[in-house]
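Take a look at the structure below.
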Amino acid sequence: MAELYIRVAEDENEEPMEIPSEDDGTVLLSTVAAQFPGACGLRYRSPVSQCMRGVRLVEGVLHAPENGWGNLVYIVNYPKDNKRKMDEIDASSAVKIKRGDQKTSDLIVLGLPWKTSEQDLKDYFSTFGEVIMVQVKRDVKTGNSKGFGFVRFTDYEAQVKVMSQRHMIDGRWCDCKLPNSKQGPDEPMRSRKVFVGRCTEDMTAEELRQFFMQYGEVTDVFIPKPFRAFAFVTFCKFWCF
DNA sequence: GTTGAGCGTT
């Protein structure tokens, strides 16, 4: 296929920019993102239905609609809650996106000696990285340690390291694990699978994919059979939802 | 002042 450009803009009223396609007629998301930092996909207004449609995105490759790219102007999708250019995002949130599913969570510290204090814990765990908080759980009445506590690190790398080994703290071997009681306040935010309720029976997986791709790359659409009026849409883990 | 698998007053 001859070299082809597709017209891309941030919204329908803006001057479009021409973006080159690949030899096979596809367009790489990375090519779009080079001009529109933070882009996660494309959409366009269907000349037939007048509705916005998502452009198929599979593993970073944008695929032309059925009749080719044509002369339509394609609109850039940005991640949900983040419909702005990457260069407008401050450094800290850029780090959060980059880390994606690497957010830290509290770790439970099991097997602490009775005498170990929070200061002791902080002193010990600070050798692995910056510590956000430590807790020693104590009996409310007596103030005696219950022999376990919690720790949270700034960096996920420190968390992984700490979870991967046992710890000699004040003369006892202790274990650090992910708590199983609470899932941690960030777990729901980290979920890549969203529940889609009140589906009608005529909705197809393809239609759901087309719709939800405006929020990011869709890696799976699940529709239970027989019909149950709901579905699950799973997004690529690159973006945190 | 006891104990030794577990799961967090806010």
(request) Dump the intermediate steps for side-chain hydrogen bond (donor to acceptor under 3.5 Å, both in side chains) on A/Asp123 and A/Gln119, then the final yes or no. (result) CA-CA 6 Å; A/Asp123 291 344; A/Gln119 187 60 51; 2.9 Å; yes
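- Residue A/Phe148 contributes atom CZ, which lies 6 Å from atom P of B/dG8 at whole-angstrom precision.
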Just the atom pairs and distances: protein N or O near nucleotides 1-3 of chain B's N or O, under 3.5 Å.
none

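- We find that CD1 of A/Ile108 is positioned 7 Å from C1' of B/dG8, with the value rounded to whole Å.
- With hydrogens and angles left out, the side-chain atoms of A/Lys137 and A/Gln135 include a donor and acceptor closer than 3.5 Å.
- Residue whose closest nucleotide on DNA chain B sits further toward the 5' end, between A/Pro113 and A/Arg138: A/Pro113.
- In this structure, A/Leu110 atom CG and B/dC7 atom P are separated by 9 Å, rounded to whole Å.
- In this structure, CG of A/Asp139 is placed 14 Å from P of B/dG8, rounded to the nearest angstrom.
- When the P atom of B/dG6 is taken as reference, atom CG of A/Leu107 falls 18 Å away, rounded to whole Å.
- With respect to A/Glu206 and A/Arg56, a salt bridge is recorded, a charged nitrogen being found less than 4.0 Å from a carboxylate O.
- With respect to the salt-bridge test (charged N to carboxylate O, under 4.0 angstrom), the residues A/Asp175 and A/Arg166 qualify.
- Here B/dC7 presents its C1' atom at 10 Å from NZ of A/Lys146, a figure rounded to the nearest Å.
- Within the nucleic acid shown, A/Gly111 comes within 4.0 Å of at least one base atom, counting heavy atoms only.
- Remark: side-chain polar atoms of A/Arg209 are paired, donor with acceptor, to backbone N or O of A/Val218 under 3.5 angstrom.
- Of the possible donor and acceptor atoms, none in the side chain of A/Glu14 sits under 3.5 Å from a partner among the backbone N and O of A/Asp11.
- With distances taken from any side-chain atom of A/Gln135 to the nucleotides B/dC7, B/dT9, B/dT10, the minimum falls on B/dT10.
- Taking atom NZ of residue A/Lys177 and atom P of nucleotide B/dA5, one finds them 11 Å apart after rounding to whole Å.
- Distance CG (A/Leu178) to P (B/dG8): 15 Å, rounded to an integer number of Å.
- Rounding to the nearest 0.5 Å places CZ of A/Arg7 at 8.5 Å from CD of A/Glu15.
- Note on A/Leu112: a base of the nucleic acid sits closer than 4.0 angstrom, heavy atoms only.
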